[in-house]
2 protein chains.
Amino acid sequence: MSNIELKVEGRIWINAGTINFVGDGKIHLLEKIKELGSLRKASLEMKMSYRQAWGQINKMNLVYNKPLVVLHRGGKDGGIAELTAFGEKIITIQKELHREFELFLDFQSKKIQNV
Amino acid sequence: MSNIELKVEGRIWINAGTINFVGDGKIHLLEKIKELGSLRKASLEMKMSYRQAWGQINKMNLVYNKPLVVLHRGGKDGGIAELTAFGEKIITIQKELHREFELFLDFQSKKIQNV
DNA sequence: CATCGTTATTCATTATTAAGCATAACGATA
DNA sequence: TATCGTTATGCTTAATAATGAATAACGATG
């Protein structure tokens with residue numbers, strides 16, 4: 001036994017079939033879009049490239065048959081990005097999932113103490 | 001709702017402090033070492049470079065204060081790689097962990113059907 | 001119908017990671 | 001003490017991923 005603590009960690013995500021659908025990163029991006037109404041601003045706040053953010057949203061919208069975000073270009077403010085009801089639902093689901101996963105990890109971590 | 005099935009997936013591993021200690025890949029490597037008694041043969045069977053395999057074992061042995069594998073060079077067969085009792089214990093722990101994680105994933109996957 | 005800030009997309013560049021080559025060190029055995 | 005297959009380790013190259021510049025398209029508004 002060492003003085004260093006062993007800890008169980010992990011990542012979870014949701015697949016649609018065999019293709020990655022959403023994970024923590026995309027959920028965070030969805031939340032930022034909801035907050036800011038702009039994909040560009042959301043990507044800036046998350047310190048990721050707009051290119052990557054757009055690609056993720058685009059993929060997310062295509063993988064499943066329901067869009068999570070609707071993007072409009074042009075108009076008064078140049079364009080907007082808005083979350084759909086389905087997008088909101090996915091956020092809720094993933095956050096609950098994440099919460100349960102944290103409990104799982106804590107429980108498993110406790111079990112491997114004193115190895 | 002789409003005809004494509006949503007499924008919760010994920011990965012887990014064990015950290016020693018903030019540093020990655022073991023995950024599925026390293027566990028698989030440990031099992032191969034136990035089976036073959038050779039790091040080189042184990043790396044070949046896993047289709048990974050010996051360089052990488054050695055690096056992983058080396059790191060694993062250093063991160064915690066107990067070695068999981070003892071490597072000997074020279075001798076009749078050129079050298080041997082043998083698992084320590086601690087190494088065996090870690091395999092057991094991680095496999096049990098993995099089993100429980102699979103149950104967790106299945107349970108969570110069922111919960112998100114019919115979204 | 002010009003403006004503006006956004007979405008949409010390509011492409012060259014950079015950064016990060018992995019792979020593979022080369023070679024020394026080792027020590028039981030014959 | 002020569003041999004052999006392994007461990008030990010640096011270094012070069014290849015593969016992959018991420019970044020960022022550049023630019024077109026868009027449409028409500030004034």
Side-chain angles (χ1 to χ4, degrees), chain A residues 11 13 18-63 66-84 86-87, chain B residues 11 13 15 18-64 66-84 86-87:
Chain A
R11 299 178 62 82
W13 58 87
T18 59
I19 302 171
N20 182 274
F21 184 45
V22 289
D24 288 348
K26 285 174 184 163
I27 291 296
H28 193 185
L29 182 59
L30 291 179
E31 291 184 299
K32 280 290 168 194
I33 288 172
K34 180 183 178 183
E35 177 191 342
L36 302 167
S38 158
L39 179 53
R40 180 163 301 276
K41 283 174 190 160
S43 68
L44 285 173
E45 280 216 2
M46 290 193 62
K47 286 170 186 166
M48 68 197 298
S49 66
Y50 172 84
R51 183 69 189 76
Q52 186 178 35
W54 178 83
Q56 288 190 358
I57 296 299
N58 189 245
K59 189 181 169 192
M60 232 184 282
N61 281 342
L62 293 176
V63 161
K66 276 183 172 177
L68 289 81
V69 176
V70 177
L71 299 171
H72 303 276
R73 61 178 168 184
K76 181 188 174 193
D77 298 320
I80 56 170
E82 52 184 357
L83 221 59
T84 64
F86 181 58
Chain B
R11 298 178 60 82
W13 57 87
N15 266 26
T18 59
I19 302 170
N20 181 274
F21 184 45
V22 289
D24 287 349
K26 284 173 184 166
I27 291 295
H28 193 186
L29 182 59
L30 290 179
E31 292 183 299
K32 280 290 169 195
I33 288 172
K34 181 183 177 182
E35 176 190 341
L36 303 167
S38 158
L39 178 53
R40 167 150 270 120
K41 283 173 188 158
S43 68
L44 285 174
E45 281 215 1
M46 290 193 63
K47 286 170 184 164
M48 69 197 297
S49 68
Y50 172 84
R51 187 72 187 75
Q52 184 179 36
W54 177 84
Q56 288 190 359
I57 296 298
N58 189 245
K59 188 182 170 191
M60 230 185 283
N61 281 341
L62 291 176
V63 161
Y64 212 55
K66 276 184 172 177
L68 288 82
V69 176
V70 177
L71 300 171
H72 302 277
R73 62 178 168 183
K76 180 187 174 192
D77 298 319
I80 56 169
E82 51 183 358
L83 221 59
T84 65
F86 182 58

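Here the structure is a predicted model, which is why all the values come from computation and not from measurement. Every chain is numbered from 1, with letters handed out A, B, ... down the list of sequences.
- For A/R51, the side-chain contact (heavy atoms from CB on, under 4.5 Å) partners at least two apart in sequence or on another chain are A/S49, A/W54.
- Residue pairs meeting the ring-ring contact (aromatic ring centres under 6.0 Å, His included) criterion with at least one member in residues 25-53 of chain A: none, sequence neighbours excluded.
- Judged as a side-chain hydrogen bond (donor to acceptor under 3.5 Å, both in side chains), and not counting sequence neighbours, the contacts of A/N20 are A/K26.
- The structure places CZ of A/R73 at 13.0 Å from CG of A/L39, a figure rounded to the nearest 0.5 Å.
- Take B/K34 and apply the side-chain hydrogen bond (donor to acceptor under 3.5 Å, both in side chains) test, not counting sequence neighbours, and it matches B/E88.
- Taking the six-membered ring for Trp and thresholds of 30 and 60 degrees, B/F86 and B/Y64 have nearly parallel ring planes, at less than 30 degrees apart.
- At a threshold of 4.5 Å between non-hydrogen side-chain atoms, the residues B/N58 and B/N61 do not count as touching.
- Non-hydrogen atoms lying under 4.0 Å from DNA chain D are contributed by nothing in residues 24-32 of chain B.
- Contacts between residues 35-47 of chain A and DNA chain C, counted as heavy-atom distances below 4.0 Å, involve A/S38, A/L39, A/R40, A/K41.
- Here the side chains of B/M60 and B/V69 are not in contact, with every heavy-atom distance at 4.5 Å or above.
- No side-chain heavy atom of B/L68 sits under 4.5 Å from any side-chain heavy atom of B/I57.
- Heavy-atom distances under 4.0 Å link DNA chain D to A/R73, A/G74, A/G75, A/K76 of residues 68-81 of chain A, given in residue order.
- Listed by chain and residue number, A/H72 satisfy the side-chain hydrogen bond (donor to acceptor under 3.5 Å, both in side chains) test with A/E82 (two or more places apart in sequence, or in another chain).
- Residues from residues 50-60 of chain A placing a heavy atom under 4.0 Å of any atom in DNA chain C, listed by number, are A/Y50, A/R51, A/W54.
- Here the range on DNA chain C touched by chain B, meaning any atom under 4.0 Å from one of its heavy atoms, is C/dA19 to C/dT29.
- The distance from the CD1 atom of A/I80 to the CG atom of A/L71 is 9.5 Å, given to the nearest 0.5 Å.
- Residues B/L29 and B/A53 come closest through the heavy atom pair CD2-O, 3.9 Å.
- Residue pairs meeting the salt bridge (charged side-chain N to carboxylate O under 4.0 Å, His left out) criterion with at least one member in residues 37-49 of chain A, sequence neighbours excluded, are A/K32-A/E45.
- The side-chain hydrogen bond (donor to acceptor under 3.5 Å, both in side chains) search around A/Q56 returns none, not counting sequence neighbours.
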